[in-house]
Structures are given as C-alpha cells and as structure tokens.
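Everything numeric here is computed off the predicted structure, so don't read it as measured data. So you know, we letter chains A, B, ... as the sequences are listed, proteins then strands, and number each from 1.
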Amino acid sequence: MGQRIDVNHENIYYGDFLAVEDVNINIEANKVTAFIGPSGCGKSTVLRTLDRMHELIPGAHVEGEVLLEGKNLYDKDVDPVSVRRDVGMVFQRPNPFPTMSIRENVLAGVRLNNKHISKSDADDLVEWALRGANLWNEVKDRLDNPGIGLSGGQQQRLCIARAVAVHPQVVLMDEPCSALDPISTLAVEDLINELKDDYTIVIVTHNMQQAARIADYTAFFNLKAVGQPGHLEYFADTTTMFNNPQNEEAERYISGRFG
Amino acid sequence: MGQRIDVNHENIYYGDFLAVEDVNINIEANKVTAFIGPSGCGKSTVLRTLDRMHELIPGAHVEGEVLLEGKNLYDKDVDPVSVRRDVGMVFQRPNPFPTMSIRENVLAGVRLNNKHISKSDADDLVEWALRGANLWNEVKDRLDNPGIGLSGGQQQRLCIARAVAVHPQVVLMDEPCSALDPISTLAVEDLINELKDDYTIVIVTHNMQQAARIADYTAFFNLKAVGQPGHLEYFADTTTMFNNPQNEEAERYISGRFG
Amino acid sequence: MDGAPVIDFDKFRPTRSSEQYRKGKDYFMSGLIALAFVIACIPLVSVLWTTIVNGFKRLNLNFLTYNMTGVVGGNPTPSGGYGGVLHAIIGTLEITGGAMLISIPIGIMCAVYLVEYAHGGKLAMTVSLLVDVMSGIPSIVAGLFAFSMFTIVFGPGTINGFEGSVALSLLMLPTVVKSCEEMLKIVPNDLREASLALGVTKQRTITKIVLRTALPGIVSGCILAIARVIGETAPLLMTAGYIASTNVNLFAGQMTTLPVYVYQEYSKLSANCPANATAACVPTIPMERAWAAALVLIVVVLVLNLIGRLVAKIFAVKTER
Amino acid sequence: MSSQDKTALAPSGGKTADKVFRGVAYACGILILVVLAAVFLFLFFRAWPLIGGDQKANSDVISSFTGGKVSNFWGYVLPLLFGTVLISILALIIAFFVSIGIALFISHYAPKKVATGLSYVIDLLAAIPSVIYGLWGGLILVPAIYPFWNWVANHLGWFPLFAGPAANPQRTVATVAVVLAVMVLPIITSMSRDIFLQTPTLQQEAAYGLGATKWEMIKLAVIPFGRSGIVSASMLALGRALGETMAVLMILSPSVTGYSIKILQASQSNAIASNIAAQYPEANDLGVSVLIGTGLILFLITFIVNFVARKITEKAGV
Amino acid sequence: ATVAACGDNTASTGDNSSSSDTTKSAPISGDFQGAGATSQQAAVEAWIAGFQGTNPNAKIAYNPTGSGAGVTTFLTGATAWAGSDKALSDDDIAKSKAVCASGQAFDVPVYISPIAIVFNLKGVSDAGKHINLDATTAAKIFDGKITTWNDPAIQDQNKDLKLPSTPITVVHRSDKSGTTQNFVSYFKDQAPDAWSYDLSENWPNEVGQGAKGTSGVISTVKQADGTIGYADFSQVGDLGTAAIKVGDSYNAISAEAGSKVIEDSKLDDTAKGENRVVVKINHATEAKGAYPIVLVSYDIVCPAYKDTKQAEFAKAWLTYVTSDEGQKAAQDAAGSAPLPSSLTSQISKSIEAIKTK
Ligand SMILES: Nc1ncnc2c1ncn2[C@@H]1O[C@H](COP(=O)(O)OP(=O)(O)OP(=O)(O)O)[C@@H](O)[C@H]1O
Ligand SMILES: Nc1ncnc2c1ncn2[C@@H]1O[C@H](COP(=O)(O)OP(=O)(O)OP(=O)(O)O)[C@@H](O)[C@H]1O
Ligand SMILES: [Mg+2]
Ligand SMILES: [Mg+2]
Ligand SMILES: O=P([O-])([O-])[O-]
C-alpha cells in the first residue's frame with residue numbers, strides 16, 4: 001500500500017533565496033497527484049523536498065513539515081537514506097549509470113540491500129521492471145549492453161524501470177515523459193495507472209493533457225513575478241481543476257491564456 | 001529569404017551501423033516542416049545531416065545528397081562551417097556557454113565569428129533575440145549574470161535566442177520545447193511562425209499538437225523493428241497528415257493506436 | 001501486464017540487519033575517509049612545520065637580497081648577514097620561466113590535437129601513450145638528455161640556465177598535456193556542437209569556447225606542472241650548475257636554483273670557525289641557510305600558486321570586448 | 001530584422017586561421033614522438049660502449065662500482081631495477097588509498113569552504129620539492145619512525161617483507177616508501193579530486209534516489225565515473241616514484257648489489273635514479289655510459305609500466 | 001670594491017695584512033670557472049674571497065660536482081682548473097694534450113685534510129671521550145668482523161673506558177667518494193690482512209649503512225646509538241673521534257697531526273708527467289704526533305692555455321692558494337692542514353711552469 005504525504009507550511013530556501021513559500025498540500029495515498037505550473041515556479045523544488053533530495057544542494061533547506069504517513073521526514077531521527085528508499089524518484093533528464101549494463105542499471109537499487117540475489121530472481125525482476133517501462137521488447141536481446149547506448153527516450157524508460165524495481169511506497173516523477181514519444185508516454189501513463197494500486201504517485205508535468213488523463217488530484221503552482229518565491233496557488237481534484245476551476249489564475253493557465 | 005532543402009537517397013551510418021535508410025524529402029523554403037515518429041527512428045539523426053553536425057560524431061557518414069537551394073552540402077568544395085552558419089540549430093538539451101553571461105551567450109554567434117558590432121547594435125540584437133524567445137522580461141535586469149544560472153526552461157529559451165541571433169537561413173530544432181512549459185512553448189511557437197517569413201524551419205517534436213499547430217508539412221519517420229534502420233514513412237502537408245493521412249502506419253501513430 | 005513475471009517484493013525488502021550493516025558501513029567508510037585525511041596531514045604538517053621553524057631562523061631581508069659571494073666559513077659578511085639566496089631566486093624564476101615558455105604552449109596544443117582533432121586515431125593513440133610514458137621519464141634522465149644535447153650542439157662543457165629549462169620542460173610537458181587533456185575532455189560536447197552550429201570555425205570554437213571553458217582547469221594544471229618541476233634538483237645539478245654570484249643571463253654561465261642551493265648547503269653541513277673567530281661565527285650556518293632557502297622555495301611556490309589562481313579568476317570574469 | 005544578402009554557402013572567414021591552428025596542433029602532437037625518440041636515441045647512443053665497446057673495460061668499470069662483486073651489466077642493473085620497482089610499488093600502495101580517501105573527503109564530505117582550503121593545501125603540497133622531502137625524511141622522519149618500524153619488525157617479523165631486526169637509524173626501503181608516498185599523494189589526490197568533483201549531479205542523484213547511502217552513492221556514481229582518472233593519476237604517481245632521485249638519495253642506505261625484500265633492514269636495495277646521482281659525479285666517461293645504460297633500463301621500465309597501466313585503463317572501458 | 005649590484009657581498013679581504021704584493025702582475029679580471037672535489041668547497045670559497053680581495057674584477061665560480069666530473073669537465077676545456085681528490089690517471093694525462101695549448105695537465109696538492117673516524121656511543125661520545133683504535137681493529141670494525149662495542153679488541157685498547165655491549169652500526173659513504181678511497185687506503189696499507197678489498201672510491205662491502213655525502217654520514221651517525229663512520233675532520237662537530245695508533249702511541253686527530261704525515265711522505269714516483277706533484281701518503285709513518293688518515297686534494301691545471309687570460313689566472317690562483325696566506329684562509333674556513341714546507345718548493349716550481357705569454 002502507498003502512503004500519504006502531508007506538507008504543512010513549507011518554505012524552501014536555496015541559501016538565502018526563498019524559492020517556494022508556504023506550501024500546504026495533502027497528497028492522498030494510492031492516488032496520482034500532478035504538479036503543474038509555469039516554468040520556475042518551484043514544482044521541481046517542492047517535489048524534491050518530498051524525499052529530501054533537496055538537501056543534496058549545498059545551502060538548500062526547508063522550514064515546515066513534510067509528513068509521510070504522519071511521520072515528519074525532517075525529524076532529527078529520520079534517516080534520509082531510508083526516506084529515499086521508500087520514496088522513489090524519476091528525473092527530468094535520463095540518468096542511467098554509464099558504466100553499467102541495462103540489466104545492472106535495473107538491479108542497481110535492489111543490489112544495495114540484497115548483495116546476493118539469485119540469478120532467476122534477478123532475471124524476473126529485470127523483466128518485470130522493463131516490461132513495466134515498455135522497454136522490454138526493445139532491449140531484451142541486449143541486456144548486457146551499456147545503458148547509455150540507448151536513445152534518449154529509451155534511457156528515460158530505463159530510469160523508470162530502475163526506480164520501480166526497488167518497489168518504493170511513493171514514486172516522484174519530475175517531467176518523466178518530456179523526453180518520450182507518445183507511444184512510450186502512453187506506456188508510462190499506463191504504468192502509472194497500474195502503480196497507483198500499490199503506490200502513491202506525484203508527477204510534475206508540463207503536459208496538461210497528461211495531467212488530465214492520469215492524475216486524481218492536480219496542484220497548480222504559480223509565481224507572482226520573476227524573483228519572487230513560487231507558491232501553491234490552487235489544489236483540487238483533477239476534474240474540478242480542468243473543468244471547473246475555482247481559481248482565476250489556474251483557469252487562465254489551463255486555458256492557455258496565461259502570461 | 002529562407003532556402004529550400006532537398007534530400008535525395010540519403011543513407012546515414014554510425015560507423016558500420018546503418019541508422020537511417022533512403023530518405024527522400026523536399027523541405028520548402030519559408031515553411032515549417034515537422035519531423036515526427038517513435039523514439040529511435042532517426043529524426044535527430046536526419047536533422048543533424050541537414051547542417052553536417054552529424055559529421056562531428058567520429059565514424060558517422062552520409063550517402064546521397066542534401067541540396068541546399070540546389071547546392072549539395074556534401075560536395076567536396078563546401079565548407080561545413082559556412083553550412084552551419086546558414087543553417088542554425090537548437091538542441092534537445094539546453095547548452096548555454098557556461099563561461100558567458102546571458103548577453104554574451106546571445107551574441108556568441110556574432111562575436112565568435114569575429115564580427116564587430118557596435119554596442120548599441122549589440123543591445124538591439126540581444127533584446128530582439130531574447131524577446132523572440134520570450135525571455136526578455138525575465139532576464140532583462142540580469143543580462144550580465146551567467147547563462148547557466150537560469151532554470152532549464154529559461155536556458156533552452158536562451159539557446160533559441162542565441163541561434164536566431166545569427167540570422168540563419170534555415171533553423172533546425174530538435175525537440176526545442178521538450179523542456180519548456182506551455183507558456184514558453186507558445187511563445188516559441190509564435191516565434192517560429194514569425195521566423196518562417198524569413199527562414200526555413202525544420203523541427204523535431206514529440207508533441208503532435210505542436211506539429212499540427214505550427215508545421216506546414218510533416219514528415220513521419222518510422223522503423224520496422226528495433227535494430228533495423230529508420231526510414232521516412234510518409235511525408236505530407238500537415239493538414240493531410242493529421243486529418244486524412246494516406247498511410248496506415250502514420251494514421252495509427254497519430255491516433256495513438258501505435259505499437 | 002501481459003507476460004510480466006510476478007514478483008515477490010518482500011524478498012527484496014531491506015531487513016533490519018542489512019540496514020544496520022549498510023549504515024554501519026557508511027559510517028565506517030566516512031570514518032576511514034576522514035582518517036585518511038588525518039593520516040596524510042601528519043607528514044604534511046610535519047614537513048611544513050619543520051621547514052618553517054628551521055627556516056625562520058635565518059630568513060630575513062639580508063638573506064633575500066644577497067648572494068653567496070664573499071661568504072667564508074661561518075663568518076658574517078660585511079653587510080652583517082651570512083650570505084643569501086638572491087642569485088638562486090633569480091635563477092629559479094628564470095629557469096622555470098624558460099621551461100614554461102617551452103612546454104605550456106606545446107602541451108596545450110598537443111592536448112588540443114589529442115582531444116579535438118585526433119578522435120582516437122592510431123597516431124593519437126601513440127602520442128597519448130607516449131605522453132604517459134614521458135611522464136615517467138626520471139628527472140635525472142631528463143637532465144642527462146639536456147646536458148648531452150647542449151654539449152653536442154654547443155660544444156663540450158656547456159652549462160647554462162636555458163639548458164636547465166630544456167631539462168625541466170621535458171618533465172613539465174607530459175604533466176601539462178595530461179592535465180589539459182583531462183580538462184578538455186570534461187568540456188561537454190554540447191558546447192562544441194552549440195558553437196559549431198552557430199557557424200563558428202573549429203579554431204574559434206576551440207580557442208573561444210573549449211579552451212575558455214577549460215581555462216581554470218588548464219591554469220591549475222599548469223601550476224601543478226610548474227610546481228612539479230620548480231623543485232627539481234638532480235637534473236639541474238648537471239645542466240645549470242652552481243655559482244655563488246648572481247647571473248641574470250639565462251643563456252650563458254652557470255645558474256643556481258633554490259633546490260640546488262638547498263642541496264649544496266645541506267651537503268656542506270657545517271662551516272668551520274677557526275679558534276680565533278669571533279662569537280659572530282656560526283658553525284651551523286649552512287644547514288640554517290638550507291632550511292631558510294627551503295622555506296623561500298615553498299613561499300615562491302605559494303606565490304606562484306596565488307598568481308595562477310588570480311589569473312584564473314581574472315579570466316573567469318566576463319569581459320565586454 | 002536586418003535583411004541578409006548572403007548567398008548560400010558563402011565561403012566563411014577564418015579558414016586560414018583554422019588550417020594553421022590545426023597544423024600547429026598536429027605538429028605539437030608529433031613533436032612528442034620526436035622528443036621521445038631524441039631522448040631514446042641519445043640514451044642509446046651514450047650507452048653504446050656497453051654493447052659495442054671494449055668489454056674488458058666495461059667489466060672493470062662495473063667492478064669498480066660494486067667493489068668487485070659484479071662485473072657484468074645485467075648483474076649490476078637488475079638488482080637496481082628490482083629495488084626501484086619495490087620502492088615505487090610500496091609507495092604507491094601506501095599513497096593510493098590515502099589519496100582516494102582525501103580526494104573523496106574534499107569532493108564529497110568536507111563543507112565547500114573547507115574543501116576549497118584543503119584543495120589549496122594539497123595543491124601546494126604537490127609543489128614541495130623532493131630535496132625538501134629528502135631533508136625532512138633524512139633528518140626528521142628517520143629517527144621518528146624507528147619505534148614504529150621496530151614494532152612492526154618485532155610483531156610482524158614472520159612476514160618476510162618485515163623481517164627484522166629493524167635497522168637503526170631507519171634508512172630503509174620502508175622509510176623511503178613512506179616519504180615517496182607522501183610525495184606522490186598530492187598528485188593522486190588532486191587529480192582524482194578534480195574528477196570526482198566532475199561527477200554529474202544527475203548520476204549522483206540517481207543513486208541517492210534509489211536509497212543509497214553516501215558511500216553507496218560514491219561506489220555507484222563517483223568511483224565508476226572517476227576510474228580512468230584515478231588510474232591515470234596513479235600512473236603519474238608511479239612515474240614520479242620510479243624516477244625520484246633526491247629523496248631516495250638523501251634517505252636510503254643502499255645496497256651495492258643483490259635482491260632483497262627485507263624492507264626494514266638497511267643496505268638491502270637501491271634505486272636506479274638515486275644510484276645514477278650518487279655515482280655520476282665521480283664517474284669517468286665509461287662509467288657515465290654504464291650509468292646511462294641503467295637510465296635507459298629505467299626508461300624502458302617506465303615505458304612498460306605505463307603501457308600496461310594504459311591497457312588496464314582501456315579494458316576498464318571508461 | 002665591487003658593490004652589491006646583484007646582491008654581491010663586498011669581497012671580504014680577510015685579515016691579510018697589506019700583502020697584496022704576493023702577485024706582482026696587474027690584477028686579474030674576467031670570468032673563471034672551476035669544478036671538482038666537494039671536499040675543497042669550503043676552502044675554495046675562502047680562496048675566492050681572498051683572491052678577489054686583490055683582484056676585485058675576477059669573477060670566479062667553483063662548482064662542487066665531484067672530482068670525477070670536475071676532471072671530465074676540465075678535459076673538455078670548459079673550466080680553467082679542476083679540483084680533485086685523486087691525482088690524474090695516465091689516461092687523463094694523455095687526454096689533456098688536446099685541451100692544453102701545449103704540454104699536458106699537471107696536479108699540485110692544495111688541500112690536506114685529516115679524515116676522522118667518528119662515533120656515537122651513549123656514555124662515551126656524549127661524555128666527550130674518545131676511543132683508541134689501531135689499524136687492524138678499525139679495519140675489522142668497518143668490515144663487520146667486530147660487531148659490538150665491548151669487543152675485547154676494542155676494550156683492550158681503551159682500558160679506562162667502560163664500553164657497553166651496544167651493537168656497532170657502521171656508517172659509510174654510499175656515493176663514489178675520494179674520502180672513501182683515502183680512508184680505506186689506510187687500511188689497505190696498514191691492515192692488509194683485515195682488509196682484503198680492492199682500492200676503490202666505492203665502499204666495498206655491505207656492512208652497516210650507507211649515506212650520501214659527508215653530510216649524510218654525519219647525520220646518520222648522529223641519529224642512533226652505536227654508530228661509527230668516517231668524515232672530513234671539519235664536519236665532526238661534537239661527535240666522538242678515534243685516536244689512531246701510530247708507533248706506540250695513540251694520536252688524536254688535528255690539522256697539524258694531519259700535516260705531519262704529509263711531511264713524512266714522499267712524492268709518488270709512479271706519477272708520470274712533467275710538473276706533477278703527487279704525494280704518496282706514508283700511512284706507516286711513525287712521526288711523533290702524526291695522524292695518518294688524511295685526504296690530499298689537488299688542483300689540476302694546464303701549463304699553457306689557449307687563452308692567456310686563463311693562464312694568468314691559473315698561475316695567480318695557484319700561487320695564492322698554495323701561499324701561506326691561502327693555506328691560512330683554508331685552515332680558518334675548512335679546518336684543513338697546512339701544506340708542509342717540504343712540498344712548497346716543488347709546488348712553486350710547477351706553478352712557475354705555467355706560461356702566461
Ligand atoms: N540549485 C539551485 N540553486 C539556486 N536556485 C535554484 C536552484 N534550482 C532552482 N532554483 C530556483 O528556484 C526556483 C524554482 O525552480 P524549479 O527548478 O523548482 O522550477 P520548476 O517549476 O521546476 O521549473 P521548470 O518547469 O523549468 O523545471 C527558480 O527561480 C530557480 O531559479
Ligand atoms: N552517436 C551514436 N552512435 C551510434 N548510434 C547512434 C548514435 N546516436 C543515435 N544512434 C542510433 O541511431 C538511431 C536513431 O537515433 P536518433 O537519436 O536519431 O533517434 P530519435 O528519433 O531522435 O529518437 P528520440 O526521439 O529518442 O530522440 C537509434 O537506433 C540510436 O540508437
Ligand atoms: Mg523543473
Ligand atoms: Mg532525438
Ligand atoms: O669529496 P668527496 O665527496 O669525494 O668525499
């Protein structure tokens with residue numbers, strides 16, 4: 001089962017620069033939540049605070065709470081490593097490990113905990129994950145080739161396979177389809193639909209059709225002006241968001257009249 | 001005025017690997033031509049042969065002809081440098097010059113070619129190019145900040161500004177909007193529409209709506225199977241392509257029933 | 001999904017012990033890494049400390065502004081000092097400068113050839129391999145090489161500063177090539193493509209984008225290369241020789257460098273003070289001069305480093321041309 | 001927009017500059033071959049009397065170097081070669097792990113400000129001349145390290161490498177290896193640090209995103225990325241250790257001849273470079289030929305070592 | 001006088017009392033180079049300073065590369081003179097014909113220095129005491145045959161010392177050295193049964209530890225208890241030294257004691273060639289108070305130079321160096337022994353042979 005995330009009064013800083021201000025959002029378990037909004041409004045930034053990836057940037061820090069199933073991720077006694085295991089992430093740009101084969105890339109996360117994993121278990125897992133990412137047929141004959149030998153779209157699907165292979169509770173995706181063609185995109189969307197039975201999904205997307213297709217809830221982020229902090233403007237279930245938004249900015253943005 | 005490109009019986013190799021086979025296409029001057037097709041079918045590869053960028057990859061070579069206004073780009077006496085000056089390019093991933101400020105990035109094409117340009121001309125050019133890329137308002141106060149300090153979307157728009165600032169005759173764009181939000185995308189699409197009065201535009205895109213919106217002609221590339229060379233499956237004016245394609249594969253692809 | 005195997009994910013869940021183990025290992029490795037640092041610091045601090053403590057005794061203005069002419073035994077000179085290193089500082093700067101002028105342009109262009117032009121062809125593989133081999137040339141062999149070259153071309157017994165520069169440049173060259181090569185390789189290909197796509201010639205792409213982007217790395221690589229040779233002793237003993245007075249002509253006459261000075265003073269070990277000598281006669285003066293010169297050498301290196309860094313900074317500032 | 005009156009594919013400017021630049025780059029590449037050939041030919045030419053000269057005179061000279069123990073060239077040079085390699089390998093082993101540790105410390109553990117300072121210190125240390133290491137090693141380290149090596153000899157003496165009794169003063173291979181390790185440490189450190197810092201953030205984040213600890217992230221992303229850099233840094237370091245003259249000369253109590261791995265005892269081994277420096281000043285013409293012959297062997301051995309290391313790098317495929 | 005334009009210290013004239021008339025000719029000016037024995041370095045520094053006192057425009061450089069390299073360089077014609085711990089070989093003499101304008105190079109002794117046996121032994125050397133050794137015992141120690149300090153062979157000669165059982169660590173030169181050759185030649189002459197090795201500038205056995213240069217030997221001896229080595233007298237510092245048995249008495253080391261053995265020595269008649277003054281050290285001397293282990297170092301010059309300036313310089317230089325004044329300067333600066341009067345006339349005759357016209 002997936003887990004819910006509650007963000008309370010979150011401010012996010014890069015050094016002294018307040019990038020995102022006072023975010024409050026409740027992300028339901030086993031649902032797909034989409035983040036939309038104009039470029040630079042802080043979608044990626046907020047997403048990365050949900051598994052403490054944010055902390056990897058020197059000087060970046062967070063005020064407020066992020067509760068994963070009621071437990072604050074930012075409590076002193078919480079280990080960011082286990083947070084990131086439970087909350088998987090797929091990035092905007094494909095990033096397979098360049099020295100590893102396709103197979104090893106998929107297994108990379110699992111190997112961290114299970115040094116000795118039987119060959120057949122590994123084979124099954126690799127096949128499962130690659131099928132899920134709609135990549136199996138393209139690569140099944142060259143699983144031992146390096147992962148970076150693939151085209152951009154294939155690489156991204158490999159990264160998705162890698163992320164789901166560790167079977168996280170929440171999966172965060174930062175524009176996972178921006179480098180994919182429509183067919184791969186559809187396959188990933190199918191995968192997301194399938195995954196939400198078991199996991200909570202948060203996805204950043206620029207493609208509003210995509211948000212409309214797959215998300216149960218949609219969060220619209222905005223920023224007042226360049227240089228100002230971004231903020232969560234409007235949060236609603238997807239049907240409301242796209243059909244009958246109760247927020248003027250959101251409506252303008254969705255209808256493409258924005259800016 | 002833009003110039004037309006005619007590609008005749010073009011085969012493209014990476015070393016021994018035939019990546020794209022027998023492409024024949026006539027790209028009209030002062031029109032926008034879009035390349036669509038599934039991932040790995042060779043869209044980027046073909047695009048890069050149109051300004052000989054392809055040659056930068058060791059072992060890559062081309063058979064056949066690419067005629068720019070009747071002159072074969074691959075003739076012995078043609079200097080690839082002047083080809084690339086006439087045929088500009090925008091890449092999939094933003095790549096501003098990290099040592100340069102925003103302003104210098106825009107001026108790079110002019111400056112690096114050792115052209116002398118007065119300060120006021122330079123200012124005009126920078127503003128014109130940045131406005132065209134819908135970036136002016138965001139960066140006008142920090143033109144002297146480094147270009148890589150911008151967000152991904154901003155960086156890509158900066159790269160577009162840089163490419164158009166040299167006034168090429170043809171502009172090639174490889175998924176220029178895949179890292180942009182809808183507002184920036186719209187601005188770029190407007191820009192493309194504006195540019196086509198003076199230039200010929202070729203654009204690779206995964207976004208079929210985008211192709212439908214901006215392209216006059218659309219080329220659909222396909223590949224029979226993974227490992228097989230890609231090929232040009234169907235080429236038509238955009239209205240035909242999206243409303244009444246005379247090619248079954250293309251129809252399946254466009255309607256999303258593909259694969 | 002059709003055909004996908006069913007996976008029992010519980011099998012892969014981390015167990016408490018595996019988590020414990022991983023955490024432990026993480027701590028352990030962090031500890032080791034910090035320890036590595038501490039271990040390395042012991043000799044490093046000791047070297048610096050010894051040099052500074054011993055060097056400070058005799059390091060004064062007099063030491064820096066006089067050479068070794070007219071210095072006899074442990075007796076003070078008329079100027080009140082005990083001889084100095086002015087000639088050795090001048091020699092070091094000139095000889096190293098000569099080596100820089102030879103090897104940095106060649107080294108950078110060779111790296112440019114390897115990274116930008118050769119694309120891993122046969123010749124490039126050979127050149128690259130030989131650069132690695134060259135980096136293994138023992139400094140003493142470089143000295144013998146320069147010595148023989150000059151004695152063959154300019155007659156037997158030729159000894160001058162430039163001969164030392166040639167020996168040092170042989171040692172610098174591979175370091176310069178290797179570090180420039182690494183730095184050029186790191187420059188993302190995207191940038192070359194972006195520039196070439198603007199219709200910029202390859203030469204301008206390389207000089208204005210690639211080298212420019214790699215510049216801080218190249219500067220620091222060259223500094224390391226200089227640092228590598230500025231302290232060479234063995235090859236200079238045979239090529240540049242040793243002289244007590246100041247020689248500013250790189251191309252004629254022997255030249256003392258700081259490391260050679262240090263070594264010569266160390267070899268003297270102590271100076272004689274005759275029975276009738278005054279209290280001003282210091283028998284341990286050669287060793288004291290050796291340490292003081294060693295300290296000067298370190299300071300010279302430090303200053304060069306600073307200059308290098310400043311240059312890197314100045315170049316990093318955007319210029320409106 | 002300004003209208004352009006360019007014709008298609010107008011010849012571009014800067015073509016001559018392009019060609020000249022390219023020519024200069026090629027020339028500089030080829031110059032490496034020329035220089036190396038010159039060095040080799042010279043050494044060979046100077047060592048020629050060993051092969052083509054009066055063999056009686058040769059063996060007399062070699063006897064005079066070795067107190068009559070050895071009179072043929074190979075008997076003279078092979079033990080030297082053995083000692084050279086032994087010292088360098090020991091130094092590299094000591095330095096390698098410590099250096100990688102420091103490089104990681106600087107690139108991934110220390111706070112940014114501290115890291116800049118530390119990098120600077122390391123760069124500076126690379127610049128400490130070997131003659132100063134020689135002074136320090138001979139005068140400070142030798143007495144200071146005796147208790148440690150004595151302890152090693154007493155407790156680990158069963159291991160042939162550490163066979164006692166430990167010489168006092170410790171002017172031994174072990175001490176020299178420590179000094180050489182300190183000398184080459186900054187080379188490996190600063191090069192691997194530079195490479196580690198270049199590890200793409202994307203890959204580091206990929207590892208973290210899978211729930212990797214810091215160390216696991218380093219193993220997954222940083223080390224694989226830096227592998228070729230580490231190998232080439234180690235090669236440079238080995239090259240420096242093999243050719244180090246002054247520090248060995250000023251610290252080691254050398255043997256005249258013979259093979260030994262007793263690194264804690266004095267007068268067991270000698271290195272080629274320091275042997276040249278020790279013998280060169282008092283050598284006559286033929287003696288210089290013999291010494292240059294040993295230099296040629298050293299040169300060839302560095303060639304082989306670097307060649308092998310290079311092949312390893314290629315195999316690693318990075 | 002020359003002023004410190006380039007950091008030169010004003011030439012110190014030493015305490016030579018108005019004796020600038022030792023050289024009657026006009027002051028020498030020009031650039032002159034020498035190279036060779038390291039042992040002479042301290043003395044040469046003093047000589048250069050003293051020489052420049054009367055010839056302020058002479059620029060003189062001495063590169064202490066070592067005797068072998070010094071001679072080799074001299075034989076290329078690049079230097080005006082060479083310093084060497086060893087007399088010229090027949091081969092060198094033959095080669096010198098090509099370099100000298102006429103005649104062949106010759107060597108004259110300029111620097112005599114006793115070689116000390118130094119040791120570091122807790123309770124003995126640090127108490128300022130010295131030990132007595134005869135040639136055989138010393139040879140056995142340096143050959144590794146006597147391995148502890150309280151060996152009866154040593155103890156018997158040092159009845160008043162309480163010697164500990166500390167093992168002996170022999171410290172010798174690791175580089176080729178004239179000091180080594182002069183040192184072991186004493187064993188070879190006086191203890192042939194205990195010292196079977198051929199005479200060489202390289203240390204012949206693997207006993208104990210080797211160290212580079214006199215400085216290396218001294219610092220090694222200082223570093224551990226029980227060490228014994230040999231070094232130029234001037235570098236001994238506060239280490240213990242051995243008194244050597246000569247006749248029936250044990251003679252301690254001193255400059256004068258070293259001079260006495262040379263006084264009691266003959267010229268080496270195997271040294272063929274005109275003008276050569278080569279001393280055959282009489283290690284068997286029984287002269288009262290003589291210390292028999294000494295190093296004799298030579299200056300090598302041509303009887304005629306292609307450049308008369310060089311000839312003038314060589315002549316003036318040797319004249320000064322071998323004069324009482326020069327020897328005094330060397331004694332002050334390097335603790336060397338003065339040339340005995342028995343040699344001076346020979347030397348003067350040789351110097352006169354240098355043609356300056
Ligand atoms: N590493 C960083 N250091 C400093 N500021 C940053 C950093 N990353 C992002 N920012 C700033 O934080 C703000 C939010 O950026 P973020 O990348 O989260 O936007 P986004 O909504 O994901 O945009 P896009 O759609 O272009 O990806 C922007 O103003 C950006 O300039
Ligand atoms: N540098 C290269 N070396 C070898 N093969 C390559 C290279 N670049 C691309 N290919 C291969 O050429 C084929 C076409 O790739 P290309 O990148 O042109 O596809 P694409 O249609 O642009 O895909 P995408 O939509 O993912 O960008 C693929 O099979 C790819 O694996
Ligand atoms: Mg983002
Ligand atoms: Mg593509
Ligand atoms: O003066 P030496 O170095 O030969 O002893």
In Å, rounded to the nearest 0.5 Å, how long is the span from [atom1] of [X] to [atom2] of [Y]?
| X | Y | atom1 | atom2 | result |
| --- | --- | --- | --- | --- |
| Thr69(C) | Gln52(E) | OG1 | CD | 7.0 Å |
| Glu45(E) | Met68(C) | CD | CE | 5.5 Å |
| Asn67(C) | Asp8(E) | CG | CG | 4.5 Å |

Worksheet item: Among residues 40-61 of chain C, which residues come closer than 4.5 Å to chain E, judged by heavy atom distances?
Response: none

Discussion item. Quick check: under 4.5 Å, non-hydrogen atoms only, which of residues 279-295 of chain C neighbour chain E?
Written reply: none

Worksheet entry | Asn272(C)/Asp332(E) under side chain to side chain donor-acceptor pair (under 3.5 Å): CA gap, chis, key distance, verdict | CA-CA 7 Å; Asn272(C) 201 58; Asp332(E) 285 350; over 6 Å; no

Worksheet item: Taking Asn247(C), Thr246(C), Thr256(C) one by one, which has the highest count of heavy-atom pairs under 4.5 Å against chain E?
Response: Thr246(C)

Discussion item. Counting heavy-atom pairs under 4.5 Å with chain E, which one of Val71(C), Leu237(C), Leu64(C) comes out on top?
Written reply: Val71(C)

Under a 4.5 Å cut-off applied to non-hydrogen side-chain atoms, are [X] and [Y] in contact?
| X | Y | answer |
| --- | --- | --- |
| Tyr266(C) | Ser219(E) | yes |
| Thr38(E) | Ser267(C) | no |
| Gln264(C) | Gln41(E) | yes |

Looking at [X] and [Y], what are the two nearest heavy atoms and their distance?
| X | Y | result |
| --- | --- | --- |
| Gly70(C) | Ala49(E) | CA-CB, 4.1 Å |
| Ser234(E) | Ser270(C) | O-OG, 3.8 Å |
| Tyr62(E) | Tyr242(C) | O-CD2, 3.8 Å |

Response to the item:
The interface call for Gln331(E) against chain C, heavy-atom contacts under 4.5 Å, is backbone

Worksheet item: Using non-hydrogen atoms only, which part of Ala334(E) is less than 4.5 Å away from chain C: side chain, backbone, both, or neither?
Response: backbone

Practice prompt. Go through Gly213(E), Ala329(E), Gly216(E), Ser215(E) and name the one with the most non-hydrogen pairs under 4.5 angstrom from chain C.
Written response: Ser215(E)

Name the atoms and distances for all side-chain donor-acceptor pairs under 3.5 Å in residues 63-75 of chain E, with sequence neighbours left out.
from, atom 1, to, atom 2, distance (Å)
Asn63(E), ND2, Gln254(C), OE1, 3.2
Ser67(E), OG, Asp85(E), N, 3.1
Thr72(E), OG1, Gly68(E), O, 2.8
Thr73(E), OG1, Ala69(E), O, 2.6

Discussion item. Test: ring-ring contact (aromatic ring centres under 6.0 Å, His included). Region: residues 67-102 of chain C. Which pairs qualify, not counting sequence neighbours?
Written reply: His87(C)-Tyr261(C)

